[in-house]
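Everything on this sheet refers to the single structure shown next.
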Amino acid sequence: MTIETTLKNLILQSFSSLYHEVLKPEDIKLELTNKDHIGDFTFVVFPFLRISKQKPEETATNIGNVVKSNCSDIASFNVIKGFLNFELSTGYWLNFLKQNIANGDFGKVTDGAGKKVMVEYSSPNTNKPLHLGHVRNNLLGFSVSQILKFAGYEVVKANLINDRGIHICKSMLAWQLYGNGETPESSGMKGDHLAGKYYVLFDQYYREEIKNLIDTGLTEEDAKKEAPLIKKAQEMLLKWEAGDTETIALWKTMNGWVYAGFEKTYNRMGVSFDNYYYESNTYLLGKDCVNEGLQKGVFVKDPDGSVWIDLTADGLDRKIVLRADGTSVYITQDIGTAQLKYDETKMDKSVYVVGNEQDYHFKVLKLILQKLGKPYSDGVYHLSYGMVDLPSGKMKSREGTVVDADELMEDMHATAKQITEELGKTEGFLESQLEVLYETIAMGALKYFLLKVDPVKRMLFNPEESIDFHGNTGPFIQYTHARICSILRNITTTPVVTTEANLHPAEQELLNTISLFPSKISDAAEEYNPALIANYMFETAKAFNRLYHDVSILGELDEQLKQNRLAICTITANTLKQGMNLLGIVVPERM
RNA sequence: GGUCCGGUAGCUCAGUUGGAUAGAGCAACAGAUUUCUAAUCUGUGGGUCGGGGGUUCGAAUCCCUUCCGGAUCACCA
């Protein structure tokens, strides 16, 4: 039983003995004591004055007395107005330390035991390389997967690749027309960048054609439809759908280049997948579900043969789910893919990491699945995240303001190298070790920067200023870990904790922070929010740095105190390492 | 126009789901180590929690209203 439930039970007990009132456990709320006051847990008595029929101070004092006399872990309590603050004993904290020092799994919870969750993220198009927006997506998806695993879930990471459609044909066509047989090998370009180059080229020539057509008197709308290039691209899509050998061969070749490129980017980012789904396989799915919906009366067929769902009663609109010619639309595919996922994995929950511009779409998807009575529908969760803006505004590929993922990582690496060298921290490292270190720091800075912000928020990325190495940053936490490691390198055995000893206030505060780790995991898993972990890591690192500054660890003369302090170092290092791992960030032992 | 999301210090963000005097980092300024890594620590200044109502012992948090920014309401994906 945790100390929190013990306290709650005792508070319940005191209500019944003092005021003859039987309350339920969920009526009792325990909070962490505000930093400005003495104590660890606070019980607010204001809501219970009607029961006690006493003044707030009186009520709190009476309850405090009952609880304290029945719990040896409480050192003292104090009452300020209606706030009853309990202070835990030093012995309690040292016991906590003793029990968890050798526990490598400290922080793990069992919230998701026996449950399976699928996390779909990344989901790129194969016509251009990944950019900053994808980076946020990938890091969120990977981190959420890590967190859910740590919270006891069985996790399947999925990537649904958008590998077909008119946009893919655009790069293919442009390559055919202007490529002169260029390949990643011949050009030395990464495959995804090569495909992207031709996608951009298509757009250039296409816009030129539109302009010329407008000059001959066409409206812009007509010009966009009549331009020879777009017509050719549409022809190509038809050929692809008909299975034309030549087109399919080109498609396979170019997609192959792109996948090889993506793989490198994913590897460098440290993200990975268990299942891959390809739209070229799934874009025809969902029609069975449409029929099922028609039979159940969830969908209706219009006179022209198109199939619809009326969601006006749910505050949404009437949505098409199948065209009159029987072909699929976006939502049809997603219904089908959801079913496919369930057939394959029987997941309880299904998380989609997709930008917030699709909030509406996923609301519709979930609603449809619920109306179809799908067992997995309640577990559908859209992890919606805000756009990453630049100081100049939105990222726009046409204006060339897109921040490319590969370039970004390369720049970060260079910055990490420069700063490390400036600080003169390169001594004692081999050249090869330094390259690894720069990469670790660079990725730590980038990942932490993107993950520490609540996903729902839009965020600003300023290439010049944003990524810092001081304060609330990845490198700060990495540095803290490295500092601890340099202390722990001096010992060879696990420190022995003595529970009869004193604790320095900074030690107590750090232990207090560390003890919150499991509940932070539960919160982050429940809310699918890595930012909670990131900010918690910062709190932990700060608490350690304060301790590090205030007391000597290796220089402590009292052997028992020294052992306890080393134990605190051990559990802190472990917590930082585990927590950062949940963000996909590696913490170095030296830096 | 309807719907959804956001608005907290000069900047970037927290705020434990209604609690105590609203917190961090950056930037600015002032300090700290003959010591286990100064990518550290301590302090100072900086606030109409977008505005206005309401609910109650108590509101950044809940309700109403209004302003600003963004998204979305495609037989595109």
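Each chain gets a letter, A, B and so on, in the order the sequences are listed, and its residues count up from 1.
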Quiz item: Quick one: on RNA chain B, does A/Lys319 or A/Met459 contact a more 5' nucleotide (nearest heavy atom)?
Solution: A/Met459

Self-check item: Which residue lies more 5' along RNA chain B, comparing A/Met387 with A/Ile419 via nearest heavy atoms
Solution: A/Ile419

Give me the distance, rounded to whole Å, that separates [N] from [M] when you measure between the [atom1] atoms they each carry.
N	M	atom1	answer
B/U21	B/A59	C1'	16 Å
B/G15	B/A9	C1'	14 Å
B/U3	B/C11	C1'	32 Å
B/U72	B/C63	P	26 Å
B/U61	B/U55	P	15 Å
B/A60	B/G50	P	10 Å
B/G2	B/A14	C1'	33 Å
B/U12	B/U35	C1'	35 Å

Return the value, rounded to whole Å, for the distance between atom [atom1] of [X] and atom [atom2] of [N].
X	N	atom1	atom2	result
A/Arg318	B/G2	CZ	C1'	18 Å
A/Asp454	B/G70	CG	P	20 Å
A/Ile168	B/A77	CD1	P	12 Å
A/His361	B/C75	NE2	P	13 Å
A/Gln358	B/C5	CD	C1'	15 Å
A/Asn34	B/A22	CG	C1'	10 Å
A/Phe476	B/G25	CZ	P	9 Å

From the set [options], return the single nucleotide nearest to any side-chain atom of [X].
X	options	result
A/Arg458	B/G25, B/G70, B/A77	B/G70
A/Met591	B/A77, B/U42, B/A39	B/A39
A/Val329	B/A39, B/A77, B/C13	B/A77
A/Arg323	B/A77, B/U37, B/G19	B/A77
A/Val44	B/C36, B/G19, B/G25	B/G19
A/Glu279	B/G19, B/A77, B/U40	B/A77
A/Ile80	B/C41, B/A20, B/A38	B/A20
A/Arg546	B/A20, B/C41, B/C4	B/C41
A/Leu554	B/C13, B/C36, B/A39	B/C36

Taking N and O atoms by type only, does the side chain of [X] place a donor or acceptor under 3.5 Å from a partner on the base of [N]?
X	N	answer
A/Thr480	B/A39	no
A/Thr42	B/A20	yes
A/Lys363	B/U3	no
A/Asp317	B/A74	no
A/Asp304	B/C75	yes

Quiz item: Is A/Phe538 stacked on the base of B/A24 when the test is centres under 5.5 angstrom and planes under 30 degrees?
Solution: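 Aromatic stack with B/A24 absent for A/Phe538.
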
Quiz prompt | Near-parallel close stack of A/His37 and B/A20 base (under 5.5 Å, under 30°) | solution =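 Stacking between A/His37 and B/A20: present.
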
Quiz item: With sequence neighbours left out, which residue pairs that include part of residues 310-319 of chain A fulfil the salt bridge (Lys or Arg N to Asp or Glu O under 4.0 Å) condition?
Solution: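 Salt bridge (Lys or Arg N to Asp or Glu O under 4.0 Å) check on residues 310-319 of chain A returns A/Asp302-A/Arg318, A/Asp314-A/Lys371.
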
At under 4.0 Å between heavy atoms, what does [X] touch on the DNA or RNA strands: base, sugar-phosphate, or nothing?
X	result
A/Ala482	base
A/Lys425	base
A/Asn85	base
A/Asn490	nothing
A/Thr420	base
A/Tyr548	base
A/Tyr360	sugar-phosphate
A/Val354	nothing
A/Ile441	base
A/Glu527	base

Quiz item: Who does B/G19 pair with, Watson-Crick or G-U, both distances under 3.5 Å?
Solution: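 Partner of B/G19: B/C57.
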
Quiz item: With ring centroids as reference points, do A/Phe469 and A/Phe476 lie under 6.0 angstrom apart?
Solution: no

Quiz item: A/Tyr536 and A/Phe517: aromatic ring centres closer than 6.0 Å?
Solution: yes

Quiz item: Restricting to pairs with a member in residues 541-552 of chain A, which pass side chain to side chain donor-acceptor pair (under 3.5 Å), not counting sequence neighbours?
Solution: A/Thr480-A/Asn545, A/Arg483-A/Asn545, A/Glu509-A/Arg546

Self-check item: Close side-chain approach of A/Glu279 and A/Ile161, heavy atoms under 4.5 Å
Solution: no

Practice problem: Decide, yes or no, whether a salt bridge links A/Lys128 with A/Asp192 under the criterion of side-chain N to carboxylate O below 4.0 Å. | Solution: no

Self-check item: Salt-bridge criterion met for A/Lys231 and A/Glu235 (N-O under 4.0 Å)
Solution: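 A/Glu235 and A/Lys231: not salt-bridged.
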
Quiz item: Can A/Tyr121 and A/Tyr385 be said to form a ring-ring contact (aromatic ring centres under 6.0 Å, His included), step by step?
Solution: CA-CA 12 Å; A/Tyr121 68 100; A/Tyr385 61 91; over 10 Å; no

Practice problem: Decide side-chain contact (heavy atoms from CB on, under 4.5 Å) for A/Thr494 and A/Thr570; before the verdict, give the C-alpha distance in whole Å, the side-chain angles of both, and the deciding distance to 0.1 Å. | Solution: CA-CA 8 Å; A/Thr494 309; A/Thr570 306; 5.6 Å; no

Self-check item: Donor-acceptor under 3.5 Å (A/Trp251 side chain, A/Asp163 main chain)
Solution: yes

Could you list the protein-to-nucleotides 56-59 of chain B atom pairs, N/O on both sides, closer than 3.5 Å?
none

Practice problem: Indicate syn or anti for B/U65, taking the glycosidic torsion and treating anything within 90° of 0 as syn. | Solution: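 Anti conformation here, the glycosidic angle of B/U65 being more than 90° from 0.
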
